[in-house]
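Here's the structure, in structure tokens; my notes come after.
Labels below follow one simple rule: chain letters A, B, ... track the order of the sequence lines, proteins then strands, and each chain is numbered from 1.
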Protein chains: 2
Amino acid sequence: MVKITDVARHAGVSPSTVSYVLSGKRSISAETVRRVRASIRELGYRPHAGARALASSRSNVLALVIPLRTGIHVPVIMQFAVSVVTTARRHDHDVLLLTQEEGEEGVRRVADSALVDAVIVMDVQLHDERLPMLRSLDRPSVLIGFPAETEDLTCIDLDFRAAGEACLEHLAGLGHRAVGLIGSPPEVYERGTGYAQRTSEGFLAAAERHGVAGTVHPCEATVEAARALVDRLLAEQPELTAVVIHNESVLAPLVKAFQDAGRRVPEDLSVVAICPDDLAEHAELPLSSVAIPAEEVGRRSVELLMAKLDGEEVPPATLLPPRLTARASTARVGTAHAGTADTARADTARAGTAGTARAGTAPAN
Amino acid sequence: MVKITDVARHAGVSPSTVSYVLSGKRSISAETVRRVRASIRELGYRPHAGARALASSRSNVLALVIPLRTGIHVPVIMQFAVSVVTTARRHDHDVLLLTQEEGEEGVRRVADSALVDAVIVMDVQLHDERLPMLRSLDRPSVLIGFPAETEDLTCIDLDFRAAGEACLEHLAGLGHRAVGLIGSPPEVYERGTGYAQRTSEGFLAAAERHGVAGTVHPCEATVEAARALVDRLLAEQPELTAVVIHNESVLAPLVKAFQDAGRRVPEDLSVVAICPDDLAEHAELPLSSVAIPAEEVGRRSVELLMAKLDGEEVPPATLLPPRLTARASTARVGTAHAGTADTARADTARAGTAGTARAGTAPAN
DNA sequence: GACATTAATCGAAGCGCTTCGATTTAGTGC
DNA sequence: GCACTAAATCGAAGCGCTTCGATTAATGTC
């Protein structure tokens, strides 16, 4: 193994000079830099990561904790992880992969043993058990998702409340007066996942503001559940002219179920999804959607961490504004129908609105 | 930060004794072990990972290189990665996540800097550019997938050739005489991905042995491509009574396209998939399938690596035998039809067989 | 031209751990 | 009871790097 003393000897300088060439922490003459760089290349020198970590108390490694739970769309996690790795590399860091399996012990272990300099935690719950541990860590962390209490933490996520609002407002703008939100599986709400609750809060609040009848419906991530829910919706709420779908796993089955039931999209039913853009774009029928910016969240969480490692102050909360792209699945109410039916529908909707929207701000739990 | 000298002082022993208690590399009296363990717990001591790596030349970290290419089913990668992390933890190791983006430089970097002790590489191509680098590494590695030349390497994967055979034999056993294999997107074959080629080789070889007309059809991972392919197949090969699908992304669309075209599954068309078990099980129509054992491949690749790190000899090639589970998508030919049509079909098939199977062992490239 | 600055480099200490003799004590065989 | 082995523990060296004064040389200042 080539070590720093070998490089130093080869370049005719002291080891500390080599170190300073590498770190740039002291000024070194251009000529010396050139010679040292040449020696490094010629000898194929790579600083020993452990030695470096020991001497500098920086490992240049970040921990990424990924979720293993049900009801989470795997490709999004993957996109996110890839973005974290890519960005970390740009900042000369590597990424250690942890699963939730070990619980908080895993994070504590890699942090306390100085294996990692900082931690990114995904899938944060409203009342996440890991928060006390994260607060007590002597290393910075960034949370993807917002817990109920964010004090002393750095959090980032899509602004799901605004996303819920944006979906509803897009539909309200098209004249829809009765809109359903089809969300995550019940367990996601039950365990208190912030994004699910916030989306529905935003959706319902906007519904109330716009005088639209808004209702929220959790949905299991199976084809059968999707079909059953559609049957129920069509039976119980025939006045619905639009739905917002916030559940990647059953996006296609839901749309198909509506179509199979004779609802043409968008003529009879408008659909807005909250999902990764590529999913919406490449669906059979391109769907109007609010993008889940996995790449951006990943990138920015690393950038936040880097800033914290540099001792900079960072905003405690970063809410990325939703971006809604209108595609082929949404249309103005009544586009393909006679006026009377529409009016009737809108009336029914308006009557129902107040009750529904006021009744609760989140789905039953 | 608590260090080993603190623990030693607290327990009234020397630092080396604490180290030996932790590593078990020398015998320590039960009483001393007890005292040291108690001190460790009481002080919350965690050995410094960098110091340990420096002194022992073992980082207890494995590198996992995941693919970013198109045409690969993301959930399978994830399953695999989770299994690697879980197994690594059982062996007291952590996992560093690398993407293919950095190319071989990334692997070389983490290996040469002693950041990791060993490397797992996924998605190996037949003529993978990374092979020379892996061979020249002074650290063990395990490849998921088989390159053309496996000398000096350790490889593991599902035995895709046997999987292709198993699918065909299952169908041949049910009396099918004309079977199509719908495979990965063309680019996967073109870049020389072993598993795609091997599956079709096994499939075609078994077809020839059993006197079945076997044909192979790459398929892009889009719903439109799936539908187009089905249209083409139905037009050009009306004699087909069964298909093997080895392409997770379009599994459901393909089945649906066949059904939409009036082919009942399994009465008119038997379908066997090569895909993760949960996908086959939870499809709308549970599909007969050969499982892709992501969990097992991940686990065993780590175990192979651990053995190599312990200086043990390991088998250079591990081919996991395919496991075919018959579900609702396959049936005996002619189950729901009159005999004549079936006979005619079988005749056509037999005539075509020799030509097709002999023509080529792999799809055009 | 003596003195203070700045730039460039060196030497040595030390990061926290493992490991290799060396040492001590306790057993074992005859 | 003497030599010998085994068990338990210690002390010190050293893993490869960074970093902090210290040193030297070059530059400016009045």
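Applying the side chain to side chain contact (heavy atoms under 4.5 Å, CB included) criterion to Pro67(A), with sequence neighbours excluded, gives Arg69(A), Ile72(A), Ile77(A), Gln100(A), Met122(A), Asp123(A). Evaluation of the side chain to side chain donor-acceptor pair (under 3.5 Å) rule for Thr86(B) yields Glu101(A) as partners, not counting sequence neighbours. When the side chain to side chain donor-acceptor pair (under 3.5 Å) test is applied to Asp117(B), the partners found at least two apart in sequence or on another chain are Ser59(B). Among residues two or more places apart in sequence or in another chain, the ring-ring contact (aromatic ring centres under 6.0 Å, His included) test is passed with Phe146(A) by none. With sequence neighbours left out, the ring-ring contact (aromatic ring centres under 6.0 Å, His included) criterion links Phe80(B) to no other residue. By the salt bridge (charged side-chain N to carboxylate O under 4.0 Å, His left out) test, Arg37(B) pairs with no residue at all, sequence neighbours left out.
Annotation: side-chain hydrogen bond (donor to acceptor under 3.5 Å, both in side chains) contacts involving residues 18-29 of chain B, sequence neighbours excluded, comprise Ser29(B)-Thr32(B). Contacts classified as side-chain hydrogen bond (donor to acceptor under 3.5 Å, both in side chains) and involving residues 140-156 of chain B (residues at least two apart or in different chains) are given here: Thr154(B)-Lys308(B).
Boundaries of the chain B contact region on DNA chain D are dA7(D) to dG16(D), first to last in 5' to 3' order (nucleotide atom under 4.0 Å from a heavy atom).
Between Asp112(A) and Arg139(A) there is no salt bridge, since no side-chain nitrogen of the basic residue lies less than 4.0 Å from a carboxylate oxygen of the acidic one. The residues Glu31(A) and Arg34(A) are annotated as salt-bridged, a charged nitrogen and a carboxylate oxygen being separated by less than 4.0 angstrom.
Screening Val121(A), Ile120(A), Val110(A) against Leu98(A) for a side-chain contact (heavy atoms from CB on, under 4.5 Å) leaves a single residue, Val110(A).
Ser39(A) and Arg9(A) share no donor-acceptor pair across their side chains, judged by distance under 3.5 Å alone.
Contacts of residues 23-45 of chain A with DNA chain C (heavy atom under 4.0 Å): Arg26(A), Ser27(A), Ile28(A), Ser29(A), Thr32(A). For DNA chain C, none of the residues of residues 89-96 of chain A falls under the heavy-atom distance limit of 4.0 Å.
Across all strands, Ser56(A) comes closer than 4.0 Å only to sugar-phosphate atoms, never to a base (heavy-atom distances).
An end-to-end axis angle of 30° holds for the helix from dG1(C)-dC30(D) to dC30(C)-dG1(D), taken from five base pairs per end and rounded to 10°.
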